[in-house]
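Bear in mind the structure is a predicted one, so any value in this text is a computation, not a measurement. Quick note on labels: first sequence line is chain A, next is B, and so on, each numbered from 1.
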2 protein chains.
Amino acid sequence: MKRSSAFDLESFLPYRLSVTTNRVSRAFAAHYQQEFGIAIPEWRVIAVLGAFAPLSSNGICERTAMDKAKVSRAVASLLERGLIAREAHATDQRLIQLTLSGPGRKIYESIIPRARAIEAEVTRGLSKADVAHLHRMLDRIGARLDAIELD
Amino acid sequence: MKRSSAFDLESFLPYRLSVTTNRVSRAFAAHYQQEFGIAIPEWRVIAVLGAFAPLSSNGICERTAMDKAKVSRAVASLLERGLIAREAHATDQRLIQLTLSGPGRKIYESIIPRARAIEAEVTRGLSKADVAHLHRMLDRIGARLDAIELD
DNA sequence: TGACATTCGTTTCATTTGAAACGATCTTAG
DNA sequence: CTAAGATCGTTTCAAATGAAACGAATGTCA
């Protein structure tokens, strides 16, 4: 009956983040997978390429926080399906310049409105100010993680 | 060069949540694993048992949002190591009452301060009000997901 | 009571994951 | 120039994952 340390998992932020994020990801995955045959890692690659192409695999790693093996597999799968294109870097042969192909861009542009719609649905109940605040907090947490990971 | 749809992944909430959460989880996993030989699913089981024991496996599923296979494996591993104890339910033989053992509770109590410390480090730069606000927003997002998942 | 459905927890199986090894390319130092 | 080391992306391999099948126990309904 001793309750020497009142630790409540429900108010433990890393846990809360993990549960909520996994649920959000699952909600998205269902849509992507079902409507476009695209898994989450692949969608992430398409998304960063749509915004920042050309990128190397390594650049995609940095932008998505996925490890390089995962990126490599997602890229391979997208190449197979002709949704992205690769091109050798002019001076550094190790780098591979990746861009969206025509069909890839089409998918990118048709997914965006849907992604935004799901996002809106998930954040309904939050004001614009709330969402902005949330982003700022994620920024700060990210900055702290930068610092921690350097140790 | 066309930028017909200005979609910025960096301001796309599901993506931001995912990246940040994965980084936080990794930071925690490193500590748990290294100092206590405990993986994240196991730590979650210990955490809910510390707070809400006795619980059945199913009760743990609900509290942690982990699927039952994962819980089953984490429970098996903790039982092997004597960190939790099982006992048959009085009237429903399908249910298994799980509690922390003595050693399990010791680990629970020694992990908590450390978990709190890491949490504090990650959220340094956020005020108490910020953190409270963050929790409220996660609550609301969770409620939206409840609604969406019912469709 | 007996048949049927449901719930609980485990196990199986195919897939996903990430750490580490790897070959290839580039950089740096001598 | 050459040797040693760093970086890039792929691949290998063992572990983690989750959907589904499963046996056991309980609940429901006629």
Side-chain angles (χ1 to χ4, degrees), chain A residues 18-19 21-23 25-30 32-34 37-45 48-49 54-80 84-99 149, chain B residues 18-19 21-30 32-34 37-45 48-49 53-80 84-99 149:
Chain A
S18 173
V19 169
T21 298
N22 286 340
R23 291 182 70 193
S25 288
R26 250 176 265 147
F28 270 82
Y32 296 158
Q33 191 65 269
Q34 181 179 324
I38 287 178
I40 288 188
E42 293 158 14
W43 151 244
R44 292 210 179 123
V45 169
V48 292
L49 285 182
L55 284 176
S56 66
S57 286
N58 209 21
I60 295 174
C61 288
E62 288 166 13
R63 295 248 179 217
T64 59
M66 298 195 288
D67 67 274
K68 60 185 182 175
K70 206 184 220 174
V71 168
S72 175
R73 288 185 270 248
V75 164
S77 155
L78 292 170
L79 280 170
E80 254 177 45
I84 63 178
R86 62 190 290 167
E87 189 178 338
H89 188 281
T91 68
D92 189 338
Q93 309 268 1
R94 292 170 309 179
L95 298 176
I96 298 173
Q97 303 277 40
L98 297 166
T99 54
E149 286 165 4
Chain B
S18 173
V19 169
T21 298
N22 286 341
R23 292 182 69 192
V24 170
S25 288
R26 250 176 265 147
F28 269 82
Y32 295 158
Q33 192 64 267
Q34 179 180 324
I38 287 178
I40 287 186
E42 292 158 16
W43 151 243
R44 290 207 181 131
V45 169
V48 291
L49 285 181
L55 283 176
S56 67
S57 286
N58 208 22
I60 295 174
C61 288
E62 288 167 13
R63 295 246 180 219
T64 60
M66 298 195 288
D67 67 272
K68 60 185 182 175
K70 205 185 223 176
V71 168
S72 175
R73 289 185 270 249
V75 164
S77 157
L78 292 170
L79 279 170
E80 254 178 45
I84 64 179
R86 62 189 292 167
E87 189 179 337
H89 188 281
T91 67
D92 188 339
Q93 309 267 2
R94 295 170 307 179
L95 298 176
I96 298 172
Q97 303 277 40
L98 297 166
T99 53
E149 285 165 5

query: Just how far, in rounded Å, is P of dT17(D) from CG of Asn22(A)?
result: 11 Å
task: Figure out the CD/C1' separation between Gln33(B) and dA15(D), and round it to whole Å.
output: 12 Å
message: Rounded to whole Å, please give me the gap between CD1 in Ile40(B) and C1' in dA15(D).
response: 15 Å
message: Does anything in residues 63-74 of chain B form a side chain to side chain donor-acceptor pair (under 3.5 Å)? List the pairs, not counting sequence neighbours.
response: none
- request: In whole angstrom, give the distance that lies between atom CZ of Arg44(B) and atom P of dA16(D).
  value: 15 Å
field: Whole-Å gap separating P (dC8(C)) and CG (Leu98(B))
entry: 14 Å
- request: Report the residues that fulfil side-chain hydrogen bond (donor to acceptor under 3.5 Å, both in side chains) with Ser77(A), sequence neighbours left out, ordered by chain and then residue number.
  value: Glu42(A), Arg81(A)
- prompt: Would you say Asn58(A) and Glu62(A) make side-chain contact, with heavy atoms under 4.5 Å?
  reply: yes
task: Taking side-chain hydrogen bond (donor to acceptor under 3.5 Å, both in side chains) as the test, write out the residues that go with Ser57(A), two or more places apart.
output: none
- line: Quick tally for nucleotides 14-26 of chain C: nucleotides whose base has a protein heavy atom under 4.0 Å get B, sugar-phosphate-only ones S, the rest -, giving ---BBB-----BS
query: Considering all heavy atoms of both residues, which atom of Val45(B) and which atom of Val75(B) are nearest to each other, and what is their separation?
result: CG1-CG2, 4.4 Å
- line: Paired with Leu49(A), the side-chain contact (heavy atoms from CB on, under 4.5 Å) test is passed by just one of Ile60(A), Leu78(A), Thr99(A), namely Ile60(A)
message: In this structure, how many angstroms lie between the C1' atom of dC8(D) and the CG atom of Leu55(A), rounded?
response: 15 Å
Tabulate protein N/O versus nucleotide N/O from nucleotides 1-3 of chain C, keeping only pairs under 3.5 Å, one per line.
none

- request: Go through the structure and list residues passing side chain to side chain contact (heavy atoms under 4.5 Å, CB included) with Ala76(B), not counting sequence neighbours.
  value: none
- request: Mind calculating the distance between CZ (Arg86(A)) and C1' (dC8(D)) to the nearest angstrom?
  value: 12 Å
task: For Asp92(A), enumerate each residue passing the side-chain hydrogen bond (donor to acceptor under 3.5 Å, both in side chains) test, keeping only those at least two apart in sequence or located in another chain.
output: Arg94(A)
task: For Glu87(B), enumerate each residue passing the side chain to side chain contact (heavy atoms under 4.5 Å, CB included) test, keeping only those at least two apart in sequence or located in another chain.
output: Gln97(B)
query: Between dA6(D) atom P and Asn58(A) atom CG, what is the distance in whole Å?
result: 16 Å
